[in-house]
There are 2 protein chains.
Amino acid sequence: MARYRVGLETRERILSATRRLLAEVGIEGVTLKAITAHARVGAGSFYNLFASKDDAVFEVIREAIESVDPDPAGAGTDTLDDLVDAFVAFMTGSSPIARIYLQLAGRGLTDPAIASRVLRSHRRRVERFADAWQREDPSMSEAEAIARAEVMLGALTGLGMTALIDPSFDMRAHANELLPSHQGVAVPPLS
Amino acid sequence: MARYRVGLETRERILSATRRLLAEVGIEGVTLKAITAHARVGAGSFYNLFASKDDAVFEVIREAIESVDPDPAGAGTDTLDDLVDAFVAFMTGSSPIARIYLQLAGRGLTDPAIASRVLRSHRRRVERFADAWQREDPSMSEAEAIARAEVMLGALTGLGMTALIDPSFDMRAHANELLPSHQGVAVPPLS
DNA sequence: GCAGAAATGGAACGGACACTCCAATATGTA
DNA sequence: TACATATTGGAGTGTCCGTTCCATTTCTGC
């Protein structure tokens, strides 16, 4: 835990180096050696401030997500529109961190420690989407709101993946189709 | 190079072990030690038959792809329901290819060579979904069918990812909500 | 300016990894 | 059978990784 001014500054240098490395060389290139070298810090200093290497990586991702959060304070004022917009901004923005996030999620397919972290943040997001949905339609049951939030987030994640692999893919347009307010072009539902 | 009968058999044992490992622990869990242990083979025997670990992994993937007929009949009789069902079965079933596919897709976010492969198969699948959609509603334009296919596949991919990370997640239930026959909101009926 | 706590660098550790080396053995051929 | 060579296991190599340890230095409240 950083308590002194110098400690906080070092923490920022480490996060900054981690951020830059994630952007430049990807998750596989982020080694402790690289981080400490770029931050001009000894390994001891690093572990004085972070519990593990992953701890620093997740903190960088957390901050990146928070930076596009329409309601960082958790006041409950964000709409579904806002949330979808934030997700799209995160995925299609200039920050390469979205890429890292998806790669980590992929790694979570085999690494239980990462899976639990990814899952935790996923569940938090589902809750957020479900709340917004219920706020827009108070008659909706909580269970249904959660189910819809799961589908919407699944869709957004998948679309984000496509967008990252295919730069010409228009994620925003497709994402907007997911919104209940969207009244698009016509396909009568099949019976 | 295997020349004798025993060598060819050993080669098959190695490929079989690699295939099983890819299914069970994913691409990152496939170590040389694991392969040789499961195949009951020494490291020397392995390198007598394969140039590298990746050589064996790529061979397994190549064979797996080859063994899956993308459109056996080519009759174009499959419905959206069938396709979604197949996708869910693919993701939640015991087949190793789904996990490998997602893990490779994640790796493709930084590796252009892998990205192009992933993208190609993705586009092929979009086409398949779009065709089915147009078959069910001939009045739908091709562009719109493709747009819907993109959203649906994005959702399925994202849900599949969640399902792989969280075994308790009911992918099939959520996937069904994506179908136009379902009166959900995720893909809204259009006016 | 002193004491106690925080911060520091970097050597050292233990483990994982892909891969090499080689003496011993098995195999196919003539 | 006799010979060339394919095949074998597994100890050993070099490298890289995250993390720990600790003597030393720096910081800050009093």
Side-chain angles (χ1 to χ4, degrees), chain A residues 1-22 24-61 100 103-104 106-117, chain B residues 1-22 24-61 103-104 107 110-111:
Chain A
M1 296 286 166
R3 289 250 260 262
Y4 292 169
R5 188 182 44 80
V6 283
L8 292 169
E9 283 170 4
T10 301
R11 189 186 144 87
E12 280 314 307
R13 274 218 314 290
I14 288 172
L15 287 175
S16 171
T18 305
R19 201 179 300 118
R20 203 166 58 245
L21 280 167
L22 282 172
E24 286 168 8
V25 294
I27 189 82
E28 282 151 19
V30 176
T31 64
L32 197 78
K33 198 179 173 186
I35 292 174
T36 54
H38 278 74
R40 284 189 303 275
V41 151
S45 309
F46 180 94
Y47 282 95
N48 181 48
L49 296 163
F50 296 91
S52 67
K53 190 195 74 167
D54 281 345
D55 195 28
V57 170
F58 275 108
E59 176 61 14
V60 165
I61 293 172
I100 305 300
Q103 281 177 336
L104 269 183
R107 185 177 292 189
L109 298 176
T110 50
D111 185 331
I114 292 181
S116 78
R117 288 187 106 137
Chain B
M1 298 285 165
R3 289 248 259 264
Y4 292 169
R5 187 183 47 80
V6 282
L8 292 169
E9 281 171 6
T10 301
R11 189 185 144 86
E12 280 314 305
R13 274 218 313 289
I14 289 173
L15 288 175
S16 170
T18 306
R19 200 178 302 118
R20 203 165 59 244
L21 281 167
L22 281 171
E24 285 166 9
V25 293
I27 193 105
E28 283 156 18
V30 176
T31 64
L32 196 78
K33 197 179 173 186
I35 292 174
T36 55
H38 279 74
R40 285 191 301 275
V41 151
S45 307
F46 181 94
Y47 282 96
N48 181 48
L49 295 164
F50 295 92
S52 68
K53 189 194 75 168
D54 280 345
D55 193 28
V57 171
F58 282 126
E59 176 63 12
V60 164
I61 291 172
Q103 285 172 338
L104 278 182
R107 187 176 286 193
T110 47
D111 186 331

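Labels below follow one simple rule: chain letters A, B, ... track the order of the sequence lines, proteins then strands, and each chain is numbered from 1.
Residues satisfying the salt bridge (charged side-chain N to carboxylate O under 4.0 Å, His left out) test with B/Arg11, not counting sequence neighbours, are B/Glu59. B/Thr36 is linked by a side-chain contact (heavy atoms from CB on, under 4.5 Å) to B/Leu32, B/Phe46, counting only residues two or more places apart in sequence or in another chain. Applying the side-chain contact (heavy atoms from CB on, under 4.5 Å) rule to B/Ala37 yields no partners; only residues at least two apart in sequence or on another chain are considered. Residues satisfying the salt bridge (charged side-chain N to carboxylate O under 4.0 Å, His left out) test with A/Glu9, not counting sequence neighbours, are A/Arg5. In terms of the side-chain contact (heavy atoms from CB on, under 4.5 Å) criterion, residue partners of B/Thr10 (sequence neighbours excluded) are, by chain and number, B/Arg13, B/Ile14, B/Val41, B/Leu49. Annotation: side-chain contact (heavy atoms from CB on, under 4.5 Å) contacts of B/Ser16 (sequence neighbours excluded): B/Arg19, B/Arg20.
Taking every heavy atom of residues 37-47 of chain A and every atom of DNA chain C, pairs under 4.0 Å involve A/Arg40, A/Val41, A/Gly42, A/Ala43, A/Gly44, A/Ser45, by number. Across residues 52-59 of chain A, A/Ser52, A/Lys53 each have a non-hydrogen atom less than 4.0 Å from an atom of DNA chain D (numbered order).
If you take CD1 on A/Ile27 and CD1 on A/Ile100, they are separated by 5.5 Å, rounding to the nearest 0.5 Å. Atom CZ of A/Phe50 is separated from atom OG1 of A/Thr18 by 6.5 Å, given to the nearest 0.5 angstrom.
Pairs engaging residues 40-57 of chain A under the salt bridge (charged side-chain N to carboxylate O under 4.0 Å, His left out) rule: A/Asp55-A/Arg117 [sequence neighbours left out].
One interatomic measurement links the two molecules: CZ of B/Arg13 to C1' of D/dG9, which rounds to 12 Å at whole-angstrom precision. In this structure, the CD1 atom of A/Ile27 is 14 Å from the P atom of D/dC17, given to the nearest Å. Between the C1' atom of D/dC17 and the CD atom of B/Glu28 lies a distance of 15 Å, rounded to the nearest Å. Summarising the geometry, the separation between NZ on B/Lys33 and P on D/dG12 is reported as 15 Å, rounded to the nearest angstrom.
If you check every strand for non-hydrogen atoms under 4.0 Å, A/Thr10 touches sugar and phosphate atoms only.
Taking every heavy atom of both residues into account, A/Ala2 and A/Leu8 meet most closely at CB-CD2, 3.6 Å. Nearest heavy-atom pair across B/Gly29 and B/Ala34 is O-CB, 4.3 Å. In this structure, B/Val30 and B/Val57 approach most closely via the heavy-atom pair CG1-CG2, 4.1 Å.
Bounding nucleotides for the chain B contact on DNA chain C, 5' to 3', at a heavy-atom distance below 4.0 Å, are C/dC17 to C/dG28.
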Annotated protein contacts, base or backbone, on nucleotides 24-30 of chain D with a non-hydrogen cut-off under 4.0 Å, one of B, S, - each: ---BS--
